[in-house]
Amino acid sequence: MNFRLPKSERLHSQKLIKELFDKSSSFFLYPFKVLYLEGEETNGDYPQVLFSVSKRKINKAVSRNLMKRRMREAYRINKHLLSESSSQLFIGLIYVSSDIMEFKQVEEKIKLILHRINKEQKNENE
């Protein structure tokens with residue numbers, strides 16, 4: 001099992017980020033707003049993910065970075081829960097709470113998000 005999260009698995013292309021925000025499906029699972037988009041098969045079959053914490057909600061950069069680290073770690077450990085699909089998957093995880101959550105809580109929410117993305121992906125493919 002590969003527990004790494006290399007740059008190739010992080011969404012950093014401005015064009016793809018804009019497309020994610022414009023054309024994606026979304027749902028809300030407090031404290032996350034989740035955007036996901038199935039794209040054409042491009043550079044690999046692994047999902048690419050974006051992590052975001054609003055400056056309006058959490059003012060201090062230290063706290064924003066802490067939340068992003070917790071989100072990345074929870075995703076990295078549980079990314080195996082995403083099923084293998086034939087198309088590229090782009091995911092945006094936006095933290096919308098003004099409170100700083102403990103890692104255990106963040107991890108539980110990320111697990112629920114990954115299961116829900118799997119379920120919705122299966123429904124779209126059928």
Side-chain angles (χ1 to χ4, degrees):
M1 197 175 299
N2 183 6
F3 286 113
R4 297 179 60 225
L5 188 62
K7 187 171 182 178
S8 60
E9 292 184 21
R10 285 180 269 147
L11 187 56
H12 56 273
S13 165
Q14 293 294 323
K15 180 182 171 189
L16 291 175
I17 291 171
K18 182 169 177 34
E19 189 174 332
L20 178 70
F21 279 92
D22 290 342
K23 300 178 184 176
S24 66
S25 303
S26 66
F27 61 89
F28 188 80
L29 185 64
Y30 186 81
F32 295 103
K33 180 178 181 185
V34 181
L35 307 168
Y36 65 97
L37 176 69
E38 281 194 61
E40 306 83 40
E41 180 121 13
T42 55
N43 51 2
D45 55 356
Y46 44 81
Q48 289 189 336
V49 67
L50 166 83
F51 302 97
S52 176
V53 180
S54 174
K55 190 174 184 178
R56 287 185 182 169
K57 296 290 184 176
I58 300 180
N59 293 329
K60 293 187 176 184
V62 172
S63 301
R64 283 196 307 276
N65 291 336
L66 173 68
M67 284 311 304
K68 284 190 277 189
R69 279 196 308 272
R70 288 180 178 171
M71 290 164 58
R72 276 193 302 266
E73 182 69 5
Y75 174 80
R76 184 185 69 80
I77 292 170
N78 296 297
K79 68 181 179 179
H80 66 277
L81 297 174
L82 285 173
S83 65
E84 299 295 324
S85 67
S86 60
S87 61
Q88 179 76 28
L89 183 63
F90 303 107
I91 304 169
L93 297 173
I94 303 167
Y95 188 77
V96 296
S97 176
S98 55
D99 300 326
I100 301 192
M101 292 177 65
E102 294 297 319
F103 176 74
K104 290 280 187 194
Q105 297 169 313
V106 172
E107 185 177 26
E108 288 302 315
K109 294 293 182 172
I110 295 286
K111 284 180 184 178
L112 291 173
I113 287 168
L114 295 178
H115 284 299
R116 185 160 172 187
I117 289 174
N118 268 340
K119 190 170 85 174
E120 291 186 13
Q121 225 181 350
K122 287 178 185 174
N123 290 342
E124 288 176 6
N125 290 339
E126 290 177 357

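Using a 4.5 Å heavy-atom threshold, the side chains of Val49 and Tyr36 count as separate. Taking the side chain as every heavy atom from C-beta outward, Phe32 and Met71 approach each other to under 4.5 Å. Contact of the Tyr75 side chain with the Leu82 side chain is registered, since non-hydrogen atoms from C-beta on lie closer than 4.5 Å. Looking at Leu114 and His80, their side chains never come closer than 4.5 Å, going by heavy atoms from C-beta outward. Side-chain contact between Glu73 and Leu5 is absent, with no heavy-atom pair separated by less than 4.5 Å. For the pair Arg10 and Leu50, the minimum side-chain heavy-atom distance is 4.5 Å or more. Between Gln88 and Gln48 the shortest side-chain heavy-atom distance falls below 4.5 Å.
Under the 4.5 Å side-chain heavy-atom criterion for grouping Ile, Leu, Val, Met, Phe, Trp and Tyr, Val34 is not connected to Val96 through any hydrophobic cluster. Note on Leu112: it clusters hydrophobically with Ile110, by side-chain heavy-atom contacts below 4.5 Å among ILVMFWY residues. One hydrophobic cluster, built from ILVMFWY side chains closer than 4.5 Å, holds both Leu81 and Leu29. The cluster map of Ile, Leu, Val, Met, Phe, Trp and Tyr, joined by side-chain heavy atoms under 4.5 Å apart, puts Phe90 and Phe21 in the same cluster. Taken together through direct or relayed side-chain contacts under 4.5 Å among Ile, Leu, Val, Met, Phe, Trp and Tyr, Ile117 and Tyr46 form parts of separate hydrophobic clusters.
No side-chain donor-acceptor contact under 3.5 Å links Arg76 to the backbone of Arg4. With hydrogens and angles disregarded, a donor-acceptor distance shorter than 3.5 Å links the side chain of Arg64 to the backbone of Asn59. Side-chain atoms of Gln105 come within 3.5 Å of backbone atoms of Glu102 as a donor-acceptor pair (strictly under, hydrogens ignored).
If you take NZ on Lys68 and CG on Asn65, they are separated by 5.0 Å, rounding to the nearest 0.5 Å. Atom CD of Gln121 sits about 10.5 Å away from atom OG of Ser25, to the nearest 0.5 Å. The CG atom of Asp22 sits 4.0 Å away from the NZ atom of Lys18 when rounded to the nearest 0.5 Å. Interatomic distance, Ser63 OG to Ile100 CD1, rounded to the nearest 0.5 Å: 3.5 Å. Atom CD of Glu120 is separated from atom NE2 of His115 by 13.5 Å, given to the nearest 0.5 angstrom.
Across all non-hydrogen atoms, the minimal contact from Lys79 to Asn2 is CE-O, 3.3 Å. The minimum heavy-atom distance between Ile77 and Glu107, with the atom names listed, is CG2-OE2, 4.0 Å. Heavy-atom minimum distance, Ser97 versus Tyr30: OG-OH, 3.0 Å. Contact between Arg116 and Phe28 at its shortest, heavy atoms only, is NH1-O, 4.2 Å. Between Phe103 and Arg70, the closest heavy-atom pair is CE1-O, 3.6 Å.
A donor-acceptor contact closer than 3.5 angstrom is absent between the side chains of Ser52 and Tyr95.
Remark: of the listed residues Leu89, Leu11, Leu20, Ile91, Leu20 is the sole one forming a side chain to side chain contact (heavy atoms under 4.5 Å, CB included) with Leu37.
With respect to the salt-bridge test (charged N to carboxylate O, under 4.0 angstrom), the residues Lys15 and Glu19 do not qualify.
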Task: Trace of the side-chain contact (heavy atoms from CB on, under 4.5 Å) decision for Lys57 with Asp99 - done: CA-CA 8 Å; Lys57 296 290 184 176; Asp99 300 326; over 6 Å; no
